[in-house]
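Working notes for the structure below.
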Amino acid sequence: MEMPGTIILGVNVDHVATLRQARGGTEPDPLMGATLAILGGADGITVHLREDRRHINDRDLRLMRELVSGVELNLEMAAVKEMVEMALAVKPEMSTLVPEKRRELTTEGGVDVKGEFKKLSEAVRKLNGSGIAVSLFIDPDEKSVEWAAKTGAQMVELHTGYYANADKGHRQKELARVQRAISMAANAGLFVNAGHGLNYSNVRPVAGLPGLRGLYIGHSIVARAVLAGMKEAVSAMKALIAEASQPVK
Ligand code: PXP
């Protein structure tokens, strides 16, 4: 692996699929979301295949693998047998190992690297053996970084949710915590990414931290995309209706 010249942006398109699942139909299609994200300059596409398949499903993942080339496909997943086997079959460029609880709304904290060391190291070994780079999603603290380096993973993704959710008085402290973790992880020979909870108001201070390889962002981009496209979507519908409608007598 090499450090990119500028910080990369991986776009998580899970919530395009969340919107599709709201009606159980076929649109909006996360594959189209990925295509447009790549056209917009995304350096990578992330999908999280969850045990309950609440947004991305197996078919999405297979087709995503066919579609996404030239930028990295990042499969976010729990380090469980089913998902490791799926990754080995699909072969994304990278896989981010996250904790997963069935009832959580989103990934809530980093992986417990010390507590799950054996399971994580085994997953890293299998994935690396198949040419898939591995990133561990961890809390920005010393112990997590130390243990992550021992698993053999190439990268970590530092959880920025604590920074994103901090009130004004604690934000600077949380940012400094991320910066310290970046330095520690880089010193341990890891490539360092960050993500979770980043949006158009809070991304700049994080993007300005030295030593980061990439940022992984999902919800805020999909939310902006829905609103940014609203005017155009309504005018297109109005035009269709106007064209088809009968003159009022
Ligand atoms: N990184 C990881 C490991 C995640 O689990 C998520 C959420 O799926 C993200 C980044 C993106 O977070 P958000 O949707 O808040 O931008």
Side-chain angles (χ1 to χ4, degrees), residues 7-19 21 30 33-34 37 40 42-57 60-61 64 72-80 83 87 92-113 116 120 123-124 127 133-140 144-145 148 153-166 174 178 181-182 185 190-207 212-227:
I7 193 162
I8 66 165
L9 170 63
V11 177
N12 180 320
V13 296
D14 289 349
H15 293 312
V16 177
T18 302
L19 198 52
Q21 298 312 103
D43 303 292
I45 296 296
T46 299
V47 290
H48 183 174
L49 189 66
R50 284 181 169 269
E51 189 190 356
D52 62 9
R53 308 296 196 271
R54 71 170 79 148
H55 35 57
I56 293 296
N57 60 37
D60 295 330
L61 177 60
M64 204 64 84
E72 70 181 28
L73 177 63
N74 173 27
L75 175 60
E76 229 181 76
M77 56 185 238
V80 296
M83 294 303 161
E93 278 71 33
M94 65 181 274
S95 175
T96 300
L97 301 180
V98 298
E100 193 174 299
K101 299 189 200 95
R102 226 171 228 276
R103 300 187 58 189
E104 68 189 358
L105 278 180
T106 179
T107 312
E108 285 163 359
V111 278
D112 172 9
V113 197
E116 305 204 48
L120 291 166
V124 170
L127 294 162
V134 179
S135 178
L136 296 184
F137 183 56
I138 58 169
D139 287 346
S144 302
V145 170
Q154 288 65 47
M155 291 178 271
V156 285
E157 180 181 333
L158 300 173
H159 192 336
T160 47
Y162 307 100
Y163 155 79
N165 295 328
E174 287 298 337
V178 174
I182 294 174
L190 293 159
F191 287 93
V192 195
N193 303 303
H196 211 283
L198 297 178
N199 60 34
Y200 295 82
S201 326
N202 66 18
V203 73
R204 290 175 63 99
V206 178
L212 276 177
R213 170 185 173 271
L215 294 178
Y216 288 85
I217 307 182
H219 185 266
S220 64
I221 293 178
V222 175
R224 169 73 71 106
V226 169
L227 295 184

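Please read these numbers as outputs of a predicted model, since none were measured by experiment. All ligand and atom numbering here is 1-based and tracks the order in the structure. FYI, side chains are in, hydrogens and waters are out, and symmetry mates aren't considered; it's all heavy atoms of this structure.
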Element-labelled atoms of ligand 1 that are located less than 4.0 Å from some non-hydrogen atom of Gly218: 11 (C), 13 (P), 14 (O), 16 (O)

In the structure I gave you, are the side-chain heavy atoms of Val47 and Asp60 within less than 4.5 Å of one another anywhere? no

Which residues share a salt bridge (charged side-chain N to carboxylate O under 4.0 Å, His left out) with Arg224, sequence neighbours left out: none

Is the ring pair His196/His159 parallel, tilted or perpendicular, if the boundaries are 30 and 60 degrees? tilted

Taken in chain and number order and not counting sequence neighbours, the residues that satisfy ring-ring contact (aromatic ring centres under 6.0 Å, His included) with Phe191 are none

Check ligand 1 against His219 and write out every atom of the ligand that is under 4.0 Å from a heavy-atom position of the residue. 13 (P), 14 (O), 16 (O)

Check: Gln154 side chain, Val134 main-chain N or O, donor-acceptor pair, under 3.5 Å: yes

If the threshold is 4.0 Å, N to carboxylate O, is there a salt bridge linking Arg54 and Asp52? yes

Sub-4.0 Å heavy-atom contact, Gly197 with ligand 1: yes

So the atoms of ligand 1 within less than 4.0 Å of a heavy atom of Asn12 turn out to be 8 (O)

Which of the atoms of ligand 1 are close to Ile217, meaning less than 4.0 Å from one of its heavy atoms? 16 (O)

With a cut-off of 4.0 Å, which atoms of ligand 1 are near a heavy atom of Tyr216? 10 (C), 11 (C)

Return yes or no for this condition: an N or O of Val98 is under 3.5 Å from an N or O of ligand 1. no

Can you tell me if Glu76 contacts ligand 1 (heavy atom of the residue under 4.0 Å from the ligand)? yes

Distance-only, no hydrogens or angles: does the Thr160 side chain make a donor-acceptor pair with backbone N or O of Gly195 under 3.5 Å? yes

Regarding ligand 1, does Glu157 bring an N or O atom to under 3.5 Å of one of the ligand's N or O atoms? yes

